[in-house]
Amino acid sequence: MAPRSKTTRLAAASPGSIAAAAACLRAGGLVAVPTETVYGLAADATSDAAVATIYAAKDRPAINPLIAHVLDLEAAREHAVFGPEAERLANAFWPGPLTLVLPVAPTCRISLLARAGLETVALRSPAHETARALIEAAGAPLAAPSANRSGRVSATTAAHVVADLDGRVDWILDGGPCRYGLESTIVEIIAGLPRLLRPGAITREAIESALGSPIESAVGSPAAPNAPGQLASHYAPNADLRLGAADARADEAALDFAGLLKESAAGARLDLSPAGDLIEAASHLFSYLRALDAGGAARIAVAPIPDYGLGAAINDRLRRAAAPRTG
Ligand code: TXA
Ligand code: MG
């Protein structure tokens with residue numbers, strides 16, 4: 001599916017352009033914004049619908065979890081649980097090119113889609129003044145992957161963003177070349193155990209010296225973001241999934257798309273997008289799976305989803321959710 005063609009406005013970052021771009025974000029739009037690492041492709045992180053358009057604009061083959069950008073540690077605490085190790089790293093490196101992957105807090109407002117259904121959330125407080133001004137003006141955390149088409153390298157100038165995303169985003173704020181040009185370092189901290197998921201703009205040595213202890217490396221391991229196709233901790237419902245179903249049987253709940261599933265059973269039924277819109281379908285995927293799961297069905301019949309555009313990403317997630325559990 002080709003994302004709907006947008007008129008992309010390119011503007012030097014200024015109070016005026018930032019205010020206009022922030023208004024666009026509040027209305028569910030997409031804004032490319034410079035950070036000190038690479039340009040980010042930002043949307044309101046609290047909106048499944050807005051986040052879905054990020055995946056569509058990037059042609060992302062898989063729905064990978066995204067980093068939510070916040071102003072500071074105070075703002076971050078609403079979304080994640082900070083233990084002593086996370087506090088120490090945030091105090092040492094924020095604002096700056098460090099992303100922390102932490103357990104979600106009960107008050108977390110980051111959309112399930114941005115989290116790819118995980119019980120962890122990636123948070124970063126960027127240092128770049130344009131990114132900070134945009135977060136503040138939008139009044140929301142901003143989900144932002146690197147502002148490049150999938151399979152291309154990250155964009156470090158506004159010209160790179162134009163080359164990849166012209167016609168796919170609403171605004172491109174030009175803040176000149178990025179200072180680091182390399183993505184943030186990602187550290188996951190679960191149950192007090194810090195692990196390096198992605199090397200980046202902050203060195204491992206600097207992290208270890210802030211922590212006062214060596215850090216385990218999970219780079220290249222199945223859970224590392226470098227191998228997102230193999231994320232071990234992807235969302236898996238309790239119910240078994242039956243993909244590509246033509247109808248829902250008596251003992252099954254139904255996850256429909258575009259009304260394709262034949263009416264049969266009286267079980268719970270949700271349609272990802274009655275109109276057959278893949279962007280809308282992606283935005284509902286994780287929340288609908290959870291809702292059907294919560295109903296207690298042993299199995300969920302899933303309608304066939306077209307395997308192009310965001311449909312490919314949806315199918316990627318569904319296949320993993322349907323895969324036999326390895327414990
Ligand atoms: O410097 C950066 O980090 C840039 C700027 C824009 O902030 N962003 C960036 O985003 O590089 P992206 O989407 O290209 O990379 C984010 C990485 C992905 O590899 C993803 O798998 C990982 O973060 N990630 C996000 N949430 C995660 C989670 N809950 N658990 C494990 N990995 C996660
Ligand atoms: Mg990237």
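Residue indices begin at 1 and follow the sequence shown. Read the numbers this way: they start at 1 and go in the same order the structure lists the ligands and their atoms.
Taking 4.5 Å as the limit, every side-chain heavy atom of Y180 sits out of range of all side-chain heavy atoms of I202. For the pair K58/N148, a side-chain contact is recorded, criterion being any heavy-atom separation below 4.5 Å from C-beta on. Here the side chains of H284 and L270 are not in contact, with every heavy-atom distance at 4.5 Å or above. Put simply, the side chain of W94 reaches to within 4.5 Å of the side chain of L100, judged on heavy atoms.
At a 4.0 Å heavy-atom cut-off, ligand 1 touches S184 through backbone and side chain alike. Looking at R115 against ligand 1, nothing comes within 4.0 Å, counting heavy atoms. Residue-level proximity to ligand 1 for E188 is absent, since no heavy atom of it falls below 4.0 angstrom.
Close contacts of ligand 1 with L197, meaning ligand atoms under 4.0 Å from a residue heavy atom, involve 31 (C), 32 (N). Residue I67 approaches ligand 1 through these ligand atoms, each under 4.0 Å from one of its heavy atoms: 3 (O), 8 (N), 9 (C), 10 (O), 16 (C). Ligand-side atoms of ligand 1 in range of A144: 6 (C), 8 (N), 10 (O), range being under 4.0 angstrom from any heavy atom. Short contacts between ligand 1 and T120, defined as distances under 4.0 Å to a heavy atom of the residue, involve ligand atoms 28 (C), 29 (N), 30 (N). With ligand atoms numbered from 1 in the order given, ligand 1 contributes 28 (C), 29 (N), 30 (N) to contacts under 4.0 Å with heavy atoms of L118.
Not close to ligand 1: P97, with no non-hydrogen atom less than 4.0 angstrom away.
In terms of N/O distances under 3.5 Å, ligand 1 is not approached by T35. Taking any N or O of Y39, backbone or side chain, none lies under 3.5 Å from an N or O belonging to ligand 1. Ligand 1 has no nitrogen or oxygen under 3.5 angstrom from a nitrogen or oxygen of T99. Taking only nitrogen or oxygen atoms, main chain and side chain alike, E183 does not reach within less than 3.5 Å of ligand 1. Ligand 1 has a nitrogen or oxygen under 3.5 angstrom from a nitrogen or oxygen of S146. Annotation: T37 places an N or O atom under 3.5 Å from an N or O atom of ligand 1; distance criterion only.
Donor-acceptor pairing under 3.5 Å is recorded for the side chains of T37 and R124. Inspection of the S154 and E183 side chains reveals an N or O donor paired with an N or O acceptor under 3.5 Å. No side-chain donor from either of T185 and R204 sits under 3.5 Å from a side-chain acceptor of the other. Between S111 and D48, the side chains place a donor N or O and an acceptor N or O closer than 3.5 Å (distance only, hydrogens not considered).
The heavy atom nearest to atom 28 (C) of ligand 1, considering only V101, I190, L41, is found in V101. In the candidate list P145, A131, G181, P145 is nearest to atom 10 (O) of ligand 1, counting heavy atoms.
In this structure, E36 does not pair ionically with R132, as no charged nitrogen and carboxylate oxygen lie closer than 4.0 Å.
With R88 contributing its side chain and L211 its backbone, the two residues share a donor-acceptor pair below 3.5 Å. At least one donor-acceptor pair closer than 3.5 Å links the side chain of D293 to the backbone N or O of N238.
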